[in-house]
Amino acid sequence: MREWTREERYRVLQSPDEIRDLYDRTRASAYRQRYHVQPMTGLSSDPNGFALHRGTWHLCYQWCPWGAVHGLKYWYHVTSPDLMHWENAGIGLKPDCFYDNRGAHSGSAISHGDDLYFFYTGNHRDEDWTRTPYTCAAVLGADNKLTKRPEPLFGPRPEYSEHQRDPKVVWNPEKQRYYIFIGAQTADKRGCVLIYTSEELLSGWSFAGELKVPGYEKFGGMWECPYIVNISGKDVLIFSPQYTKLPGRGESTNHNVYLIGHMDYDTLTFTPDGDYHHLDYGFDFYAAQGAANVGDPDKAILIAWIGLPDNHYPTEEEDWEGSMSLPRELRVADGRLVQTPIPAVEALRGEPIAPDGPLPKACELRIDVPAGDFALDLFTRADGTGGLTLRYDDAARKLTVDRRGLEKRFNRQVGEVLDVPLGNGLHNIRAFIDSNSVELFFNDGEATFTTHAYPTEAERGLRVSGGAAVTLWPLAASVTDRFVY
Ligand code: FRU
């Protein structure tokens, strides 16, 4: 693993020529994704500024141009007509002013009238590395470029720790007001959300208070990337609690969970109907954010970072890392989220192929699972051994995913085996495989599991236990990998 000095990690990009060679090398990697958004060079992490605006989907990602390292963060901007075909649109936000001198950190977007507004965290650090987070804004211009507002909307609350970031802006029609939800940490290091409100998007913001979430007063040390949405009359609060272990999640201290309940904007209280749920049961799923302006009261569209903070992935050797998840539709049924891949992915399907040859690099598998125990192995060697293994134990109503059999092992410290509880049994699986990722949807979206996987050329086999109906479609590429600065 390469050691980076602070100077190297926080170097400011001055010209496209500084990363062209890195781009050429990155593009040649065998692990470049075919239908997932990925960093042009360097590292991508959280999705940012996700919104539908005048018929185009806009998405940015946290981007460190220099390599597979979390350093100075930019926003890199991509656009799509359909959530599947993405074009690089160039740098979205550059950390080039006092307020964001050490990074343009995560945030959201909202379309209003003719304009698309972006809200992000300016990560300011002074000489002795003391951090001051500012909530800043930018507006999309006719040239498809983001223009930053010269002054922040507001600074941090002094009674909380330095961890105050990731503004999620929402419009509340009853109140006729905007609200910004900020991921934060109290002075005694408990995760929480701070709420600001205004009648205008670019001015008038005042601190409304801390979000109360009864039962969740001590739940992790920082709540990153909060997102709130109303789906079919239910409020859904999604966030990424960190600095804590949760039952059944191995040694990982980074999670992405959701609560379903009711948000009261008068008392700033989110009352959960029940316990928290994992948004995804996989190894690598974090900082999920829903798109603004979807315009359908019964669904949300969500995208996440396939990866976790403090983890390292094999393409680090090639100086790049990261991928966005497939966008997914969220619905609410029986007090739970139901998550399904966006239908547009089906347009990438080629003619089905027999599931007995090598797995294509980009493909979709649909498996109808017979009753009883079940086994599925992806990326096995020619002799049928190894791979990413799935074992469903019907008596225990539990599926176990094990990535120890892959030749390229990584992040052993967080654990390489995880369970998915499936109280209603296992009936079907949809698996979306791309060059370095696998996304599994169980029982038409009742639970999901996302992981990176870096199979070698010798690991392309598939094994399915008897009696299952299997359909395998190759998927066409849908992201372009052009150099756009
Ligand atoms: C989540 C996060 C955010 C922050 C960003 C910085 O992964 O830590 O809280 O804004 O990444 O890249």
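Indexing begins at 1, ligand by ligand and atom by atom, following the structure's order.
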| Y23 side chain to D481 main-chain N or O, any donor-acceptor pair under 3.5 Å? |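 Judged by distance alone, yes, a pair lies under 3.5 Å.
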| field | With sequence neighbours excluded, residues passing side-chain contact (heavy atoms from CB on, under 4.5 Å) with P341 | value |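 P341: side-chain contact (heavy atoms from CB on, under 4.5 Å) contacts with L326, V345, R430, F432, F441.
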| said: Among Q62, H105, K73, which residue satisfies the side chain to side chain donor-acceptor pair (under 3.5 Å) criterion with N48? | reply: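 Answer to the side chain to side chain donor-acceptor pair (under 3.5 Å) test with N48 among Q62, H105, K73: Q62.
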| request: Mark yes or no: R32 above the aromatic ring of W320, with NZ or CZ under 6.0 Å from the six-membered ring centre and no more than 45 degrees from the axis. | output: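 Yes; both conditions hold, so R32 lies above the ring face of W320.
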| field | Residues that N436 engages under side chain to side chain donor-acceptor pair (under 3.5 Å), provided they are two or more places apart | value |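 Once residues adjacent in sequence are excluded, the partners of N436 under the side chain to side chain donor-acceptor pair (under 3.5 Å) criterion are Q33, H452.
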| query | Can you pull the side-chain hydrogen bond (donor to acceptor under 3.5 Å, both in side chains) pairs that have at least one residue in residues 209-229, sequence neighbours excluded? | reply |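 Checked against side-chain hydrogen bond (donor to acceptor under 3.5 Å, both in side chains) - neighbours excluded - the pairs reaching residues 209-229 are Y160-E210, R165-E224, E224-Q242, E224-Y286.
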With the criterion set at N/O pairs under 3.5 Å, what does the list of contacts between the protein and ligand 1 look like, atom names and distances included?
residue, atom, partner, partner atom, Å
ligand 1, 7 (O), D46, OD1, 2.8
ligand 1, 7 (O), D46, OD2, 3.3
ligand 1, 8 (O), E224, OE1, 3.4
ligand 1, 8 (O), E224, OE2, 2.7
ligand 1, 9 (O), R165, NE, 2.7
ligand 1, 9 (O), D166, OD1, 3.3
ligand 1, 9 (O), D166, OD2, 2.7
ligand 1, 9 (O), E224, OE2, 2.9
ligand 1, 10 (O), S106, N, 3.1
ligand 1, 10 (O), D166, OD1, 2.5
ligand 1, 11 (O), D46, OD2, 3.1
ligand 1, 12 (O), Q62, OE1, 2.6
ligand 1, 12 (O), K73, NZ, 2.9

